[in-house]
Amino acid sequence: MRHIMNIPENSRFVIYAAGIFFCYFLYGIVQENITRGRYGDQVQPDGSIGERYTYALALVWVQCFCNFVFAKGMLVVKPQKEDTTHTGYYAASALTYLLAMVSSNMALRWVPYPTQVVGKSAKPIPVMILGVLIGRKSYSWTRYACVLTIVVGVILFMYKESKVSNLPAETTGLGELLLFLSLSMDGLCAAIQERMRAASAPSGQQMMLAMNFWSTLMLGGAMILTGEGKDFIYFATRHPELWTHIALIALCGAMGQLFIFLMVASFGPLACSVVTTTRKFFTVLCSVLMFGNRLIARQWFGAVLVFAALFADMLYGKKQVPAKKSPSDVKLKGNNEEQKKLIS
Ligand SMILES: Nc1ncnc2c1ncn2[C@@H]1O[C@H](COP(=O)(O)OP(=O)(O)O)[C@@H](O)[C@H]1O
């Protein structure tokens, strides 16, 4: 990947963002196939035909393992300088990453899917706040304003007045609490990544390798404890066509995650969360345009806010206040490339 580092910074940003958009678009399609599809043609107790796939933990474990193998393969083919990042950082970021994923999935029991997506669109805000409080970052006021405007715009655009849903009403609040927990974990994970960048600046591939190593171990333990691993193997043996779907999702997931980590390593977790949030916005915008649905005034206003803020951030967001000094910053003095990374 060294040659890609020689591409100008702006073009690299566009390549990584396009990679994230493309891979997660395909990923979404395969994921929908697995989680909404039916396997086999046996009549179920509820009268429907075909078994549903319900092993969420196992699906994530397989992906973490494949991502680990993928990153290892890349580093074997193209070795890089030694990664001196503290193991504790990797273990902590893997744990917060997994907790963020588990709590946002659990929230779906109490809030409808669109609410969860809208809630998670606020991700850049905790990433920014915890980045400053824990990750020792500082941002210009322009950047705060732009990121906040993007999030407000995306939420205005994506929010749907919910019809009376069949979700339990007496537990209202629990789903929101889980979403809040998930966002906090996302912020914490990003803050730890900021510290890694400042301390040892690992490459995207190295971050991908280590974080998936820890995630695979932690989830492996959880799968053994819950017995889900065994049930998953039985299911896959009954329905071997599942393996094709798993292979596809693992491939899209690994490619997507490579772009995510290249983005985090070069431009920071905040830029990455802005890209993943606007990706959701663009997906909805494209489907609206393709299917000729009408936008209401609130959605138009949201879309204008998103475009204006993205544009303003591109022009002015980079002007930085000096990053706070930490002992590790001193080590980087004189190394232009790494300093640029610190303040990006
Ligand atoms: N800073 C990051 N570090 C590691 N993984 C990340 C980071 N940001 C996003 N991801 C991963 O990239 C994928 C896409 O992110 P996103 O679109 O924000 O989804 P979600 O709302 O489910 O978190 C998810 O699997 C997420 O965990």
Side-chain angles (χ1 to χ4, degrees), residues 16-17 19-28 30-31 35 56 59-64 66-68 71 89-90 92-108 111 113-128 130-131 135 137 150-151 154-155 158 178-197 202 204-215 219 249-250 252-284:
Y16 297 164
I20 292 174
F21 273 47
F22 181 69
C23 296
Y24 281 104
F25 173 70
L26 294 182
Y27 180 94
V30 187
Q31 190 180 34
T35 53
L59 188 61
V60 180
W61 183 86
V62 173
Q63 288 180 70
C64 288
C66 292
N67 292 343
F68 169 77
Y89 277 159
Y90 279 133
S93 64
L95 184 66
T96 49
Y97 162 82
L98 290 175
L99 287 175
M101 203 150 36
V102 169
S103 41
S104 77
N105 284 338
M106 270 173 69
L108 282 176
V111 296
Y113 181 69
T115 310
Q116 186 238 34
V117 175
V118 170
K120 288 281 279 184
S121 318
K123 201 195 254 188
I125 295 180
V127 168
M128 207 164 198
L130 293 180
K137 286 287 291 184
I150 292 171
V151 169
V154 171
I155 291 176
M158 309 252 277
L178 283 166
L179 280 181
F180 180 79
L181 185 71
S182 172
L183 286 171
S184 314
M185 289 298 134
D186 281 324
L188 213 52
C189 178
I192 300 167
Q193 289 172 337
E194 287 291 10
R195 287 215 183 183
M196 288 181 201
R197 295 177 73 223
Q205 292 87 334
Q206 287 167 333
M207 275 193 191
M208 185 171 172
L209 179 78
M211 269 196 59
N212 284 299
F213 170 77
W214 286 102
S215 306
L219 276 178
I249 203 168
C252 302
M255 291 297 297
Q257 208 185 48
L258 173 65
F259 287 116
I260 291 263
F261 279 111
L262 287 174
M263 181 71 104
V264 170
S266 301
F267 302 98
L270 178 64
C272 180
S273 72
V274 169
V275 168
T276 56
T277 296
T278 44
R279 182 192 78 81
K280 294 172 186 168
F281 162 80
F282 279 113
T283 311
V284 179

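Start at 1 with the first residue, then count along the sequence. All ligand and atom numbering here is 1-based and tracks the order in the structure.
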Within-4.5 Å side-chain heavy-atom neighbours: Gln205 and Leu262:
yes
Under the ring pair (Phe, Tyr, Trp, His ring centres under 6.0 Å) rule, collect the residues that match up with Trp214, sequence neighbours excluded.
none
For a quick test of reading the model, state the closest non-hydrogen atom pair linking Pro202 to Met196 and the distance between them.
CD-O, 3.6 Å
Got a donor-acceptor contact below 3.5 angstrom from the Gln31 side chain to the Ile249 backbone?
no
Within the 6.0 Å centroid threshold, strictly below: Tyr24 and Tyr27
yes
Any idea which residues sit under 4.0 Å from ligand 1, heavy-atom distances?
Tyr24, Tyr97, Lys120, Lys123, Gln193, Ile260, Phe261, Val264, Cys272, Thr276, Lys280
Do Pro124 and Ile150 make a side-chain contact, defined as non-hydrogen atoms from C-beta onward lying under 4.5 Å apart?
no
